[in-house]
Asker: 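Let me begin by handing over the structure; questions about it come next.
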Amino acid sequence: MEIDAGRLWSRLMELGEIGAIPGGGVDRQALSDGEHLAWARVIGWAEAAGMEAATDAAANLFLTLSGRNRSLAPVLAGSHLDSQPTGGRFDGAFGVMAALEVAASLAASPMPRARDLTVVAWMNEEGSRFAPGMMGSAVFAGQRDIAEVRAARDGEGLTAGEEIDRLRRAFPGLPLRPPFRPRACIEPHIEQGPRLEREGAVIGVVSGIDGKVTCEVTLTGQRDHAGTQPMADRRDAVMAFARVASRLQQEVGLADPETRFTIGRVEVSPNAPSVIAGEVRFRIDLRHPDGAALQRLAARIAPLAAETALPCTAAVRVLVDAPPNGFDPALRQAIAASAARRGLPALEMASAAGHDARHLAPLCPTAMIFIPCRGGISHDPAEWAEPAHVAAGAQVLADVVAPLLAEEGA
């Protein structure tokens, strides 16, 4: 079965106009009006192919092409539709549109389907509006409680629960799908790094995902007048942040070449020009391919922050603690075999970026297919994937999915 490369590219570009920002990127954050519009567009395409749309309690979107035996566990494929505030048009969206193209091509082909193919768009993969990310897939896999997810608040004080309910009201005819266990799950995605492009490969056979710890650190000092308080008497949270950030970079971030350490989303209070800051809150994103090394480094954050912040205080809250995981060997072999048959240079590689497939791996056989992105750039309007690579990733997905759908067993 051959996918329609032109249709896939056209739809991916059309989807990129929803939430478009200058430079060719998108701002389509989780549960926003932009994501509502994206849902409507994608549901329309799916229904035109004879697929059934549904959602669940965590606002994941499921688009199902039925097989002969609806009692068999479905094959799940897709990614996410939400973006960073200054995101690109391929991150997540490529995976959803590649899976939808496979489903649409299958619907028009005589290939036998014993079981359903369900295209998925997971809720809040990015975590830019509600923290932490990958909420929808975590709830689906039983790794996060829906009540905890609904209680999360964005920067304007809105809860994820309120926004999930608003989304449901926008799609009143969408049935609520009960929990289910897939036969397998495959997530296509851009690499978000430079290795495939650098090594001339078109397909990345993803061996697994590096472990990740996300922390929120709050440094508390004392607000005071910038003109009258002597320097020696100040408890300046911004100066504490400068010391803590520098020390953590040196002693955690540069611990070994495999460590990835990032400080982001820095919030200063009261953030006024003539006021000594009383509080700084920031996020730490720590990643490592080795689980023991990750935990060893993560354990250093709280004591180092507390010691270095003095005379301010430091409190550390862990938001995500995800160990490294590996993907299914049989699915990885099938991806590599498809690439070889089609003459597509392939490379086995681990993912340093986190993806929803991480949460599915303990639930069912799971894999990821990477395609290159230009310069390794992602989470930026300059993010770009070549049309030929987009088509190649979708075609490999089709090759891997087709025999799974033909299986008659449970």
Side-chain angles (χ1 to χ4, degrees), residues 15 18-19 26-47 51-64 74 76 78-85 87 91-93 95-96 99-100 118-182 185 187 214 216 265 283 317 319-320 322 354-360 363:
L15 188 65
I18 300 175
V26 297
D27 179 3
R28 194 171 59 228
Q29 297 183 65
L31 304 173
S32 65
D33 290 345
E35 193 169 36
H36 287 207
L37 292 172
W39 268 40
R41 190 71 51 86
V42 171
I43 289 171
W45 287 328
E47 290 180 340
M51 301 171 72
E52 306 163 355
T55 186
D56 65 2
N60 297 308
L61 177 62
F62 302 107
L63 307 164
T64 299
L76 201 60
S79 191
H80 61 95
L81 291 172
D82 67 312
S83 78
Q84 292 287 333
D91 178 5
V96 177
L100 183 61
T118 296
V119 176
V120 63
W122 300 111
M123 188 273 286
N124 189 40
E125 191 273 351
E126 295 291 359
S128 59
R129 184 182 180 193
F130 298 103
M134 294 181 271
M135 283 180 169
S137 57
V139 171
F140 178 86
Q143 297 176 27
R144 192 172 291 278
D145 185 74
I146 185 62
E148 177 189 352
V149 165
R150 288 181 62 88
R153 292 185 181 274
D154 67 7
E156 297 180 357
L158 293 170
T159 67
E162 291 169 334
E163 291 296 84
I164 289 172
D165 294 343
R166 187 171 73 92
L167 179 69
R168 292 281 294 156
R169 290 192 298 272
F171 295 88
L174 217 55
L176 202 62
R177 184 166 182 169
F180 63 95
R181 183 181 289 269
C185 179
E187 181 174 6
T214 303
E216 182 177 80
R265 195 165 184 170
R283 297 269 175 85
R317 181 166 67 104
L319 300 176
V320 174
H355 300 283
D356 290 299
R358 175 201 296 281
H359 291 140
L360 275 293
L363 192 66

Asker: I need the Ser32 OG to Asp154 CG distance, nearest 0.5 Å.
Answerer: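 One finds 10.5 Å between OG of Ser32 and CG of Asp154.
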Asker: So, does Arg150 use its side chain to make a donor-acceptor pair with the main chain of Thr159 at under 3.5 Å?
Answerer: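 Side chain of Arg150 to backbone of Thr159: no pair is present.
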Asker: Hey, are the side chains of Leu31 and Asn124 touching, using non-hydrogen atoms and a 4.5 Å cut-off?
Answerer: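 Not in contact.
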Asker: Under 4.5 Å between any side-chain heavy atoms of Glu125 and Ser79, yes or no?
Answerer: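 They are not in side-chain contact.
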Asker: Walk me through whether Arg168 and Thr55 qualify under side-chain contact (heavy atoms from CB on, under 4.5 Å).
Answerer: CA-CA 9 Å; Arg168 292 281 294 156; Thr55 186; 3.0 Å; yes
Asker: Should Phe180 and Pro74 count as side-chain neighbours, where that means a heavy-atom distance under 4.5 Å?
Answerer: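 In contact.
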Asker: As an exercise, state the distance from CD of Gln143 to CG of Leu360, rounded to the nearest 0.5 Å.
Answerer: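 Reported to 0.5 Å precision, the distance equals 8.5 Å.
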Asker: Step by step, work out the side-chain contact (heavy atoms from CB on, under 4.5 Å) result for Arg153 and Phe130.
Answerer: CA-CA 6 Å; Arg153 292 185 181 274; Phe130 298 103; 5.6 Å; no
Asker: Donor-acceptor check, side chain of Arg181 to backbone of Leu363, threshold 3.5 angstrom: yes or no?
Answerer: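 Indeed, once roles are kept as given, a pair shorter than 3.5 Å links the two residues.
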Asker: Do the side chains of Asp165 and Glu162 get nearer than 4.5 Å, heavy atoms only?
Answerer: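 No; the side chains remain at least 4.5 Å from each other.
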Asker: Can a donor-acceptor pair be found, under 3.5 Å and without considering hydrogens, that links the side chain of Asp356 to the backbone of Trp122?
Answerer: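 No, because the side chain of Asp356 does not come within donor-acceptor range (under 3.5 Å) of the backbone of Trp122.
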Asker: Under a 4.0 Å N-O cut-off, is there an ion pair linking Glu216 with Arg283?
Answerer: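 Salt bridge present between Glu216 and Arg283.
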Asker: As an exercise, state the distance from CG of Leu61 to CD1 of Ile43, rounded to the nearest 0.5 Å.
Answerer: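 Reported to 0.5 Å precision, the distance equals 5.0 Å.
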Asker: With a 4.5 Å limit on heavy-atom distance, are the side chains of Val119 and Met51 in contact?
Answerer: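 Counting from C-beta outward, Val119 and Met51 do come under 4.5 Å.
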Asker: With side chains defined as the heavy atoms from C-beta onward, is the minimum distance between Ile18 and Trp39 less than 4.5 Å?
Answerer: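 In short, these two side chains do not touch, never coming nearer than 4.5 Å.
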Asker: Could you walk me through whether Leu63 and Thr118 satisfy the side-chain contact (heavy atoms from CB on, under 4.5 Å) test, starting with their C-alpha distance in whole Å, then the side-chain angles of each, then the deciding distance to 0.1 Å, before giving a yes or no?
Answerer: CA-CA 5 Å; Leu63 307 164; Thr118 296; over 6 Å; no
Asker: Kindly give the heavy-atom pair with the smallest separation between Ala59 and Met123, and that separation in Å.
Answerer: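 The answer is O-CB, 3.4 Å.
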Asker: Using a 3.5 Å distance criterion without hydrogens, assess whether the side chain of His80 forms a donor-acceptor pair with backbone atoms of Asp82.
Answerer: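 It does hold such a pair.
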Asker: Nearest 0.5 Å, please: how far is CE in Met134 from CD in Glu126?
Answerer: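 Output value for this atom pair is 9.5 Å.
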Asker: Using only atom types and a distance under 3.5 Å, with no angle test, would you say the side chain of Thr214 pairs donor to acceptor with the backbone of Leu319?
Answerer: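 No, Thr214 side chain to Leu319 backbone: no donor-acceptor pair under 3.5 Å.
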Asker: Report the C-alpha separation of Arg265 and Ser128 in whole Å, then their side-chain angles, then the decisive distance to 0.1 Å, and conclude whether the side-chain hydrogen bond (donor to acceptor under 3.5 Å, both in side chains) test is met.
Answerer: CA-CA 9 Å; Arg265 195 165 184 170; Ser128 59; over 6 Å; no
Asker: Are Glu187 and Val120 close enough that some pair of their side-chain heavy atoms sits under 4.5 Å apart?
Answerer: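 Sidechains of Val120 and Glu187: no contact.
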Asker: After noting the C-alpha distance and the side-chain angles of Arg28 and Leu15, does the key distance pass the side-chain contact (heavy atoms from CB on, under 4.5 Å) rule?
Answerer: CA-CA 10 Å; Arg28 194 171 59 228; Leu15 188 65; 4.2 Å; yes
Asker: Pick out which of Gln84, Glu163, Gln29 makes a side-chain hydrogen bond (donor to acceptor under 3.5 Å, both in side chains) with Arg129.
Answerer: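 Testing Arg129 for a side-chain hydrogen bond (donor to acceptor under 3.5 Å, both in side chains) against Gln84, Glu163, Gln29 leaves exactly one candidate, Glu163.
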Asker: Looking only at non-hydrogen atoms, find the nearest pair between Ala57 and Ile164 and report the distance.
Answerer: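 Smallest interatomic distance, heavy atoms only, reads O-CG2, 3.8 Å.
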Asker: With a 4.5 Å heavy-atom cut-off, do His355 and Ser137 have their side chains touching?
Answerer: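 No - every pair of side-chain heavy atoms lies 4.5 Å or more apart.
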Asker: Should the ring pair His36 and Phe171 be called parallel, tilted or perpendicular, given that the plane angle runs from 0 to 90° and is split at 30 and 60?
Answerer: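 Ring orientation of His36 relative to Phe171: perpendicular.
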Asker: Can we say Arg166 and Asp33 salt-bridge, meaning some charged N sits less than 4.0 Å from an Asp/Glu carboxylate O?
Answerer: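 Yes, charged N to carboxylate O under 4.0 Å.
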Asker: Main chain of Gly136, side chain of Asn60: is a donor-acceptor contact present, judged purely on distance under 3.5 Å?
Answerer: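 Answer holds: yes.
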